Amino acid sequence: MLVVDFGAQYAQLIARRVRELQVFSRIVPHHISATEIAEIAPAAIILSGGPKSVHVDGAPTLDPAIYDLGVPILGICYGAQLIAQQLGGTVSRGSRGEYGRAVLTRRGDSSVFGASIPEVHDVWMSHFDAITEVPDGFRCSASTPDAPVAVLEDDKRKIWGVQFHPEVVHSPYGMQVLKTFLHDLAGCEPAWRMSSVIVDQIERIRAQVGDGRAICGLSGGVDSSVAAALVHQAIGHQLTCVYVDTGLMRKGESEQVVETFRRNMGIELIHVDAGERFFERLAGVTEPEAKRKAIGELFIRIFEEHTGGITEAGYLVQGTLYPDLIESGGTDGTAEVIKSHHNVGGLPDDMTLELVEPLRDLFKDEVRALGTELGLPDEMVWRQPFPGPGLGVRIIGEVTPERVAVLQEADAIVRAEIADAGLEREIWQAFAVLPDIRSVGVMGDERTYGHPIIIRAVTSDDAMTADWARLPYDLLERMSQRIINEVPGINRVAYDITSKPPGTIEWE
Ligand code: XMP
């Protein structure tokens, strides 16, 4: 089914909810034409909410011929107002908006609610304009204090609209409304599952790569790991993975990548132990951007050195996810051929590889489920995001092997304690930072002059904004005691209580 995006932050959430109801969903832009939709032949369409008023100039509309395709349509919020306006009803500028919880009262028979949903119940609203008159052929089946037409329905044309947001958890019967629309009114089979994704993707990868060779740059992160595991199931030894170990990885991470891919999964893996070269290049570099640039450039050079030998490789596997594509506006499903400097992993400029992106239809949580299904260990599937330049951007000042070793120990303690406290899946990232200052302390009977460790733990949905995690005091105390007792040279621990904005998640 298709979610037509009118610019709401809710379009992605709607698409995910639909998938939770085991119906495959895709987001399409609002300027899609009726002809394009007819070609896709979806089982149903949902029109998302949007930030604009239907009355302003340039407000996005829907190709009106789409209403005549006979495909069942559910409009949500702006989508519902658009249905009312485009089909001949009235949308009035309200005297005041309705934001947050509202009490909805049903008015007679309703197909979207069915018999089991209470006559009066709470819904989540976010609108200023309100539908005041339904188009011919529609009936109004519910209202709230500020939305005279909170639900409009035309069973004959198979078009329904709800002013409230059924996709958010604050609408307690919202999922039931979506379920009724998809399964009962639109007749979508609840048949979409992870196992069918695997079977389907394996076929597609085989069809794309044939008997060619593919390479995949592993970072140790979730996306590239799952992409590699999936492609390996499809083409086995035709895949070679390259793991550039920068020496700036977390404690035990490189061993785990090698263990999982080479030993457990039997994937051909080139493990490039490049720590020394990175430390050499980083000697004396202290400015954050210079550091990032140095690490990035050397990474590309080394990746190139080690893939240069695989001359017959024609394909590059990337762990691009659906949200990455939505953000870059490329959801039309066409395969691109791109050159090196557009690639995260980095490739020589004169080398053109065709991309294999088996995760491009999936959301992060679906990729995790897929990873588990493919047999990847939990530590890998539930790994926190980790910046490309690694611990290099968590060491303020010069990056040396000694300072990396100190930070690795402290970081391992932070992550182990978070895991022990059962907070791993609630916290977006939790890690240690090593600044280049020193402070006076006393340990035993001796005066110390050592470095502090700063603990950074944040909650976030997408890393665009973040809040500092309200970790329990006793957990912070355990981390502090262990770091000071177990990591030589550290005599003080501080906790970063800055949100993003104004701070960033990383320190450099
Ligand atoms: P900031 O520090 O900008 O980080 O709040 C936002 C998210 O991005 C991660 N991050 C990176 N990821 N390469 C990456 O792949 C990078 O250079 C990089 N820098 C930051 C960071 O860990 C956080 O999740």
Side-chain angles (χ1 to χ4, degrees), residues 216-228 242-251 253 257 278 281-282 285 287-303 316-321 323-325 327-328 340-347 357 359 363-365 367-368 380-396 399 404 407-408 410-411 414-415 418 423-435 454-469 496-508:
C216 176
L218 285 178
S219 67
V222 186
D223 307 342
S224 64
S225 299
V226 175
V242 179
Y243 173 61
V244 177
D245 183 352
T246 58
L248 306 170
M249 313 305 285
R250 286 165 286 201
K251 187 182 178 185
E253 196 161 25
V257 168
F278 278 91
R281 178 68 186 77
L282 288 170
V285 182
E287 203 277 314
E289 276 312 301
K291 223 188 253 180
R292 278 176 173 270
K293 195 156 174 270
I295 297 170
E297 283 172 1
L298 186 55
F299 186 95
I300 291 176
R301 190 164 342 132
I302 294 175
F303 188 82
L316 178 74
V317 179
Q318 284 205 322
T320 317
L321 306 193
D324 305 334
L325 292 171
E327 269 151 35
S328 58
S340 66
H341 45 273
H342 300 213
N343 278 326
V344 198
L347 278 172
E357 297 178 306
L359 312 180
F363 290 106
K364 190 85 176 183
D365 50 346
V367 169
R368 291 204 158 111
M380 201 162 253
V381 167
W382 287 96
R383 182 157 282 171
Q384 299 171 0
F386 188 58
L391 298 181
V393 293
R394 295 179 182 169
I395 293 176
I396 317 304
V399 179
V404 168
L407 185 57
Q408 279 178 334
D411 183 68
V414 170
R415 287 185 296 123
I418 291 277
L423 293 174
E424 218 166 18
R425 296 188 189 185
E426 278 167 50
I427 302 287
W428 176 263
Q429 278 172 292
F431 54 86
V433 174
L434 180 62
I454 295 154
I455 297 172
R456 179 78 164 140
V458 297
T459 54
S460 176
D461 288 325
D462 53 11
M464 302 296 285
T465 58
D467 199 5
W468 60 278
D496 182 351
I497 55 166
T498 319
S499 60
K500 172 185 179 175
T504 51
I505 296 176
E506 304 291 345
W507 268 52
E508 283 197 340

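From a predicted model like this one, the values you see are computed outputs, not experimental measurements. Atoms within each ligand, like the ligands themselves, are counted from 1 in listed order.
- Those atoms of ligand 1 with a heavy atom of Pro389 less than 4.0 angstrom away are 13 (N), 16 (C), 17 (O).
- Residue contact check: Thr504 has heavy atoms under 4.0 Å from atoms 1 (P), 2 (O), 5 (O) of ligand 1.
- Distances from atom 3 (O) of ligand 1 to the heavy atoms of Lys500, Glu506, Gln429, Glu508 put Lys500 nearest.
- With sequence neighbours excluded, the residues satisfying side chain to side chain contact (heavy atoms under 4.5 Å, CB included) with Ser219 are Ser224.
- Listed by atom number, the atoms of ligand 1 under 4.0 Å from Gly388 heavy atoms are 12 (N), 13 (N), 14 (C), 15 (O), 16 (C).
- Atoms CD and CZ, from Glu508 and Arg394 in turn, are 11.5 Å apart once rounded to the nearest 0.5 Å.
- Atoms of ligand 1 lying under 4.0 Å from any heavy atom of Arg292, numbered from 1 in the order shown and given with element: 16 (C), 17 (O), 18 (C), 19 (N), 20 (C).
- Trp468 pairs with exactly one of Ile497, Ile455, Asp496 by the side chain to side chain contact (heavy atoms under 4.5 Å, CB included) rule, that one being Ile497.
- Checking each of Ile395, Val393, Ile454, Leu434 against Trp507 for a side chain to side chain contact (heavy atoms under 4.5 Å, CB included) leaves exactly one that passes, namely Ile454.
- Taking 4.0 Å as the cut-off, Trp428 counts as a neighbour of ligand 1 on heavy-atom distance.
- Scanning for side-chain hydrogen bond (donor to acceptor under 3.5 Å, both in side chains) contacts around Lys500 gives an empty result, with sequence neighbours left out.
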